[in-house]
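The structure appears right after this line, and notes come after that.
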Amino acid sequence: QVQLVESGGGLVQAGGSLRLSCVASGSIVSDNRLGWYRQAPGKERELVADITKGGNTRYADSVKGRFTISRDNAKNMVYLQMNSLKPEDTAVYYCNYRWYTLNYWGQGTQVTVSS
């Protein structure tokens, strides 16, 4: 059982920046994959970015060059720095923990980008 708590969402103008944070607690295995997903109304939840224990990253094509994912293994935290935000980035952003078949989610944090 892993608990995830996100913070940092909010309202921002197009072109602005936000930094999301997530802290994991509970039965954490160190070689996990931490990531950020997002879901907008009427759309499926999609991967934004994730990162392994060793720092290997993946990004959705739509956010490459604008978003940066990072993690602090000692603190069991993962961050998402979002720059040059666009209205199409508006969604609920969820923190995700994965270890093989185990999969846990945070409660989500709303990101709204106005034009």
Side-chain angles (χ1 to χ4, degrees):
Q1 183 67 233
V2 174
Q3 296 79 45
L4 303 165
V5 180
E6 305 101 328
S7 62
L11 175 65
V12 65
Q13 293 184 8
S17 298
L18 285 173
R19 187 176 189 245
L20 305 183
S21 299
C22 173
V23 59
S25 61
S27 301
I28 299 170
V29 177
S30 63
D31 61 340
N32 58 71
R33 179 188 298 171
L34 298 173
W36 292 94
Y37 289 68
R38 67 187 181 188
Q39 186 168 25
K43 298 177 65 178
E44 293 187 354
R45 187 173 299 185
E46 64 175 351
L47 173 71
V48 178
D50 64 13
I51 183 169
T52 68
K53 173 187 176 181
N56 295 116
T57 59
R58 300 187 299 172
Y59 294 93
D61 288 341
S62 60
V63 308
K64 287 180 180 176
R66 300 188 297 121
F67 292 8
T68 302
I69 190 169
S70 61
R71 64 186 286 166
D72 185 332
N73 291 332
K75 296 181 178 180
N76 292 318
M77 295 194 71
V78 62
Y79 308 91
L80 186 68
Q81 179 66 46
M82 305 185 294
N83 298 326
S84 301
L85 283 161
K86 304 174 180 179
E88 51 262 46
D89 295 317
T90 296
V92 177
Y93 284 69
Y94 296 91
C95 184
N96 174 253
Y97 166 105
R98 292 179 186 266
W99 183 69
Y100 293 95
T101 61
L102 295 181
N103 188 13
Y104 296 96
W105 299 92
Q107 81 287 350
T109 185
Q110 177 71 46
V111 172
T112 302
V113 184
S114 64
S115 60

- prompt: What heavy-atom pair brings E6 and Y93 nearest, and what distance separates the two atoms?
  reply: OE2-O, 3.9 Å
Show every donor-acceptor pair shorter than 3.5 Å between a side-chain atom in residues 76-83 and any protein atom, with sequence neighbours excluded, or say none if there are none.
from: Q81; atom 1: NE2; to: N83; atom 2: OD1; distance (Å): 3.0
from: N83; atom 1: OD1; to: S17; atom 2: OG; distance (Å): 2.8

message: Going by ring pair (Phe, Tyr, Trp, His ring centres under 6.0 Å), name the residues that satisfy it together with Y37, two or more places apart in sequence or in a different chain.
response: W105
Partners passing salt bridge (Lys or Arg N to Asp or Glu O under 4.0 Å) against R58 (at least two apart in sequence or in another chain): D50
task: Let me see the working for I28 and Y97 under side-chain contact (heavy atoms from CB on, under 4.5 Å), right down to the final yes or no.
output: CA-CA 9 Å; I28 299 170; Y97 166 105; 3.9 Å; yes
task: Considering non-hydrogen atoms only, spot the tightest contact between S115 and A14 and give its length.
output: CA-CB, 4.4 Å
field: Hydrophobic cluster identity match, Y104 and I51, side-chain contacts under 4.5 Å
entry: yes
CG on L47 to CG on N96, rounded to 0.5 Å: 8.5 Å
- prompt: What pair of heavy atoms forms the shortest contact from Y59 to A49, and how long is it?
  reply: CD2-CB, 3.5 Å
query: Do L102 and V2 come within less than 4.5 Å of each other through their side chains, counting heavy atoms only?
result: no
message: The criterion is salt bridge (Lys or Arg N to Asp or Glu O under 4.0 Å); which residues satisfy it with R19, sequence neighbours excluded?
response: none
- request: Using side chain to side chain donor-acceptor pair (under 3.5 Å) as the criterion, list what pairs up with R71, not counting sequence neighbours.
  value: N32, N73
- line: Taken in chain and number order and not counting sequence neighbours, the residues that satisfy salt bridge (Lys or Arg N to Asp or Glu O under 4.0 Å) with K75 are none
- prompt: With a 4.5 Å limit on heavy-atom distance, are the side chains of R45 and Y94 in contact?
  reply: yes
field: For D61, all residues meeting side chain to side chain donor-acceptor pair (under 3.5 Å), sequence neighbours excluded
entry: K64
- prompt: Where is the tightest heavy-atom contact between Q1 and Q3, given as atom of each residue plus distance?
  reply: CG-NE2, 2.9 Å
message: According to side chain to side chain contact (heavy atoms under 4.5 Å, CB included), who are the partners of V12, at least two apart in sequence or on a separate chain?
response: L18, L85, V113
message: Quick check for you: to the nearest 0.5 Å, what is the distance between R33 atom CZ and T52 atom OG1?
response: 8.0 Å
- request: Sequence neighbours left out, what passes salt bridge (Lys or Arg N to Asp or Glu O under 4.0 Å) with E46? Give chain and number order.
  value: R38
query: Excluding sequence neighbours, so at least two apart, what forms side chain to side chain contact (heavy atoms under 4.5 Å, CB included) with E44?
result: none
- prompt: Can you name the side chain to side chain contact (heavy atoms under 4.5 Å, CB included) partners of T112, sequence neighbours left out?
  reply: L11, T90, Q110
- request: Please list, chain by chain and in numerical order, all residues satisfying side chain to side chain contact (heavy atoms under 4.5 Å, CB included) with D31, sequence neighbours excluded.
  value: V29, K53, W99
- prompt: When rounded to the nearest 0.5 angstrom, what distance separates OG1 in T57 from CZ in F67?
  reply: 14.0 Å
